[in-house]
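These figures come from a predicted structure and were not determined experimentally. Reminder, nothing fancy here: chain letters follow the sequence lines and each chain counts from 1.
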Number of protein chains: 2
Amino acid sequence: MKQISRFSHFGELSDKDYFRIALSVDCVIFGFEDGELKVLVIKCNIKEYKGLWSLLGDLVKPDEDLDTASYRILKERTGLDDVYLEQVQTFGQVGRHPAGRVITTAYFSLVNIKDHQLKLSDNELHWHPVNEIAEMAFDHMEILKGCLERLREKVIDHPVVFNLLPKKFSLRELQSLYEAILNIKLDRRNFRKKFFMMDWLIDLEELEEDVPHRPGKLYKFNQAKFGRKTKKVS
Amino acid sequence: MKQISRFSHFGELSDKDYFRIALSVDCVIFGFEDGELKVLVIKCNIKEYKGLWSLLGDLVKPDEDLDTASYRILKERTGLDDVYLEQVQTFGQVGRHPAGRVITTAYFSLVNIKDHQLKLSDNELHWHPVNEIAEMAFDHMEILKGCLERLREKVIDHPVVFNLLPKKFSLRELQSLYEAILNIKLDRRNFRKKFFMMDWLIDLEELEEDVPHRPGKLYKFNQAKFGRKTKKVS
DNA sequence: TTCAAATGTGTATTTTTAACACATTATTAC
DNA sequence: GTAATAATGTGTTAAAAATACACATTTGAA
């Protein structure tokens, strides 16, 4: 109770208010490729979790905001600037990291895989199908699940999936993306009807190329209608 | 980049991976009284925010999980054990706390005000109508807004509001609670119909007492249908 | 030229949500 | 005890949203 009082009411933090704690952010970076939802992971080298996949994360710096830290990681890892990023949950279990007390705040982000293919090769980074991951290092499986669930809730009401697609895309690609995220089959006619009604799409009057079948029309996201990408749409 | 590698891949955290950071949790404790949604606040005594309301929070202990810390605060402040608690968001802006770098994880909780009236008197705690708070200490206004928004989303699909009511309640009380949370008027007939359809309620075959009008039937929450209070219902 | 595969399109049905009014019951005031 | 007050309790109709469903068209490939 004394500690509460000191903390809530009176001046500076005293030495014993601090302890050896590290703060990190972990990014669940989603991508979409070959009809599958994928997540960017890296092989874990610490002995406790040798060989398992882990998420991309880093310690937060003393003078760095949480959001800034996660943007930094994304930039460093994917080279991408203008990505969708959303804080999901903070994981603070005492024993979650073998190296000590590390609290991590999880973010999910949505990127178009094609936009940064080049950066991947010389690295141990890897796009892994979300559905095919059963085990990860640390509590990263739990983090991944939490972020996936949040993504699923999000896409139902909010136009965020466009961050996973190239600028121009067909309705088939869009539908297949929703099916991959939600893990369900959708009716093509109802899907199209709904999207046209919502007015989220702009018809580019162009056709797909290099597809082994009748090409579909290409669309782009009606961004003007929603303002900044990362802003929540009500 | 070196720091990323050390952190992600190799053994122990080195000294420079730590910095003077304090971790806290803040609880937005909601209650319902006199037809209003209220939040439990305390007068802030630090000079920068003298006289403003602040949320109830405390530093997390070195060996304490985040969830445990927020339960502890609730227990200390309200005397209540079995409360609904949900993590909402972590606030880590560099300058958010005048005493130093303090990162806080916000939780909201739902309690029945009547259950712990006694504990309040000798304290500076105060139940304040949510709608009448315009300014708070620190970034607590932002935290409150975030939690309120989360609560609003939550109550639409999930049976959590019962935590704000006494064991026995009338449909009028229940509806008035929804109206207070969502800040809208609801149609009484549709409201009742919906609740009976959802099968969330058990008719206690009792009537209200001490009401200055025709008493309504009393109900209790159909808890058996949903398992643990704090568990998410899909 | 034919085949395969995906595009593009509309209607009927069901379900959900929203709007809406009056008789009944208990309390209170006279 | 009678009348006034105030809230309870109850169904139907209309509108909107979600779902189910089939066939002709276009292009690429064989």
Side-chain angles (χ1 to χ4, degrees), chain A residues 32-36 152-159 161 165-166 168-220 233-234, chain B residues 32-36 152-153 155-159 165-166 168-220 233-234:
Chain A
F32 180 60
E33 198 178 40
D34 304 327
E36 287 183 306
R152 284 180 173 154
E153 292 164 2
K154 194 82 183 185
V155 297
I156 291 173
D157 286 322
H158 303 270
V161 298
L165 293 171
K168 304 176 179 188
F169 52 85
S170 66
L171 274 172
R172 174 179 36 77
E173 289 173 297
L174 185 60
Q175 178 176 343
S176 134
L177 173 52
Y178 270 90
E179 291 177 336
I181 292 174
L182 299 173
N183 210 25
I184 53 174
K185 272 308 240 184
L186 295 169
D187 179 90
R188 194 156 50 94
R189 279 167 293 185
N190 294 336
F191 183 84
R192 299 164 81 90
K193 198 192 315 173
K194 181 182 252 174
F195 268 84
F196 291 136
M197 293 238 288
M198 290 192 298
D199 196 30
W200 286 5
L201 301 177
I202 292 174
D203 186 339
L204 289 171
E205 315 278 1
E206 289 178 62
L207 294 179
E208 284 181 298
E209 283 172 19
D210 303 320
V211 284
H213 52 75
R214 174 181 175 186
K217 281 185 172 182
L218 290 174
Y219 298 84
K220 69 173 181 182
V233 181
S234 69
Chain B
F32 180 59
E33 198 178 39
D34 303 327
E36 287 183 307
R152 285 180 172 152
E153 291 164 3
V155 299
I156 290 172
D157 286 322
H158 304 272
L165 292 172
K168 305 177 178 186
F169 51 86
S170 67
L171 275 172
R172 173 179 35 78
E173 288 174 297
L174 185 61
Q175 178 176 342
S176 136
L177 173 53
Y178 270 89
E179 292 178 335
I181 292 173
L182 299 173
N183 211 22
I184 53 174
K185 272 308 242 181
L186 295 169
D187 180 272
R188 193 156 50 94
R189 279 167 293 188
N190 293 336
F191 182 83
R192 298 165 80 90
K193 198 191 315 172
K194 182 182 250 173
F195 269 85
F196 291 136
M197 292 237 290
M198 290 192 298
D199 196 28
W200 286 5
L201 300 178
I202 292 175
D203 187 339
L204 290 172
E205 314 278 3
E206 288 177 65
L207 294 180
E208 284 180 297
E209 284 171 20
D210 303 319
V211 285
H213 52 75
R214 173 180 175 185
K217 280 186 173 181
L218 289 174
Y219 299 85
K220 68 173 182 181
V233 182
S234 70

Q: For A:Met197 and D:dA17, what is the distance between atoms CE and C1' respectively, to the nearest whole Å?
A: 8 Å

Q: At 4.0 Å (heavy atoms only), tell me whether A:Arg192 reaches a base, stays on the sugar-phosphate, or touches nothing.
A: base

Q: Please determine whether a side-chain nitrogen or oxygen atom of B:Arg214 lies at a distance below 4.0 Å from atom OP1 or OP2 of D:dG9.
A: no

Q: Mind calculating the distance between CG (B:Asp210) and C1' (C:dA26) to the nearest angstrom?
A: 13 Å

Q: NA contact type, A:Lys217, heavy-atom cut-off 4.0 Å: base, sugar-phosphate, or nothing?
A: sugar-phosphate

Q: For the side chain of B:Lys193 and the base of C:dT17, is some donor closer than 3.5 Å to an acceptor across the two?
A: no

Q: Given side chain to side chain contact (heavy atoms under 4.5 Å, CB included), test A:Tyr219 with A:Leu165 step by step and report yes or no.
A: CA-CA 11 Å; A:Tyr219 298 84; A:Leu165 293 171; over 6 Å; no

Q: Separation of A:Glu208 atom CD from C:dA5 atom C1', in whole Å?
A: 13 Å

Q: So if I apply the side-chain contact (heavy atoms from CB on, under 4.5 Å) rule between A:Glu208 and each of A:Lys168, A:Arg214, A:His213, which one comes out positive?
A: A:His213

Q: Would you say B:Arg189 places a side-chain N or O within less than 4.0 Å of OP1 or OP2 belonging to D:dG11?
A: no

Q: Base, sugar-phosphate, or nothing: which does B:Arg172 touch, judged by heavy atoms less than 4.0 Å apart?
A: sugar-phosphate

Q: What is the distance, to the nearest angstrom, from the CZ atom on B:Phe191 to the P atom on D:dT10?
A: 15 Å

Q: What is the separation between atom CZ on B:Phe195 and atom C1' on D:dG9, rounded to the nearest whole Å?
A: 17 Å

Q: Identify, between B:Leu207 and B:Asp187, the residue whose nearest nucleotide on DNA chain C lies closer to the 5' end.
A: B:Asp187

Q: For A:Arg152 and A:Leu182, work out which heavy atoms get closest and say how close.
A: O-CD2, 3.8 Å

Q: Going by modelled atom types, is there a donor-acceptor pair between the base of D:dT19 and the side chain of A:Lys194 at under 3.5 Å?
A: no

Q: Taking only the side-chain heavy atoms of B:Asn190 (C-beta and beyond), determine which of C:dC20, C:dT7, C:dA21 contains the nearest atom.
A: C:dC20

Q: Output the single nucleotide from D:dT27, C:dA26, D:dA20 whose closest atom is nearest the side chain of B:Pro215.
A: C:dA26

Q: What is the distance from CG of A:Leu174 to C1' of C:dA6, rounded to the nearest Å?
A: 16 Å

Q: Whole angstrom is fine here: how far is it from CZ in A:Arg188 over to C1' in D:dA24?
A: 12 Å

Q: Would you name the heavy atoms of A:Gln175 and A:Leu186 that are closest together and state the gap between them?
A: NE2-O, 3.0 Å

Q: Just the rounded figure in Å: distance from P of C:dT2 to NE2 of A:His213.
A: 24 Å

Q: Parallel, tilted or perpendicular: which one describes the rings of A:Phe195 and A:Tyr178, with boundaries at 30° and 60°?
A: perpendicular

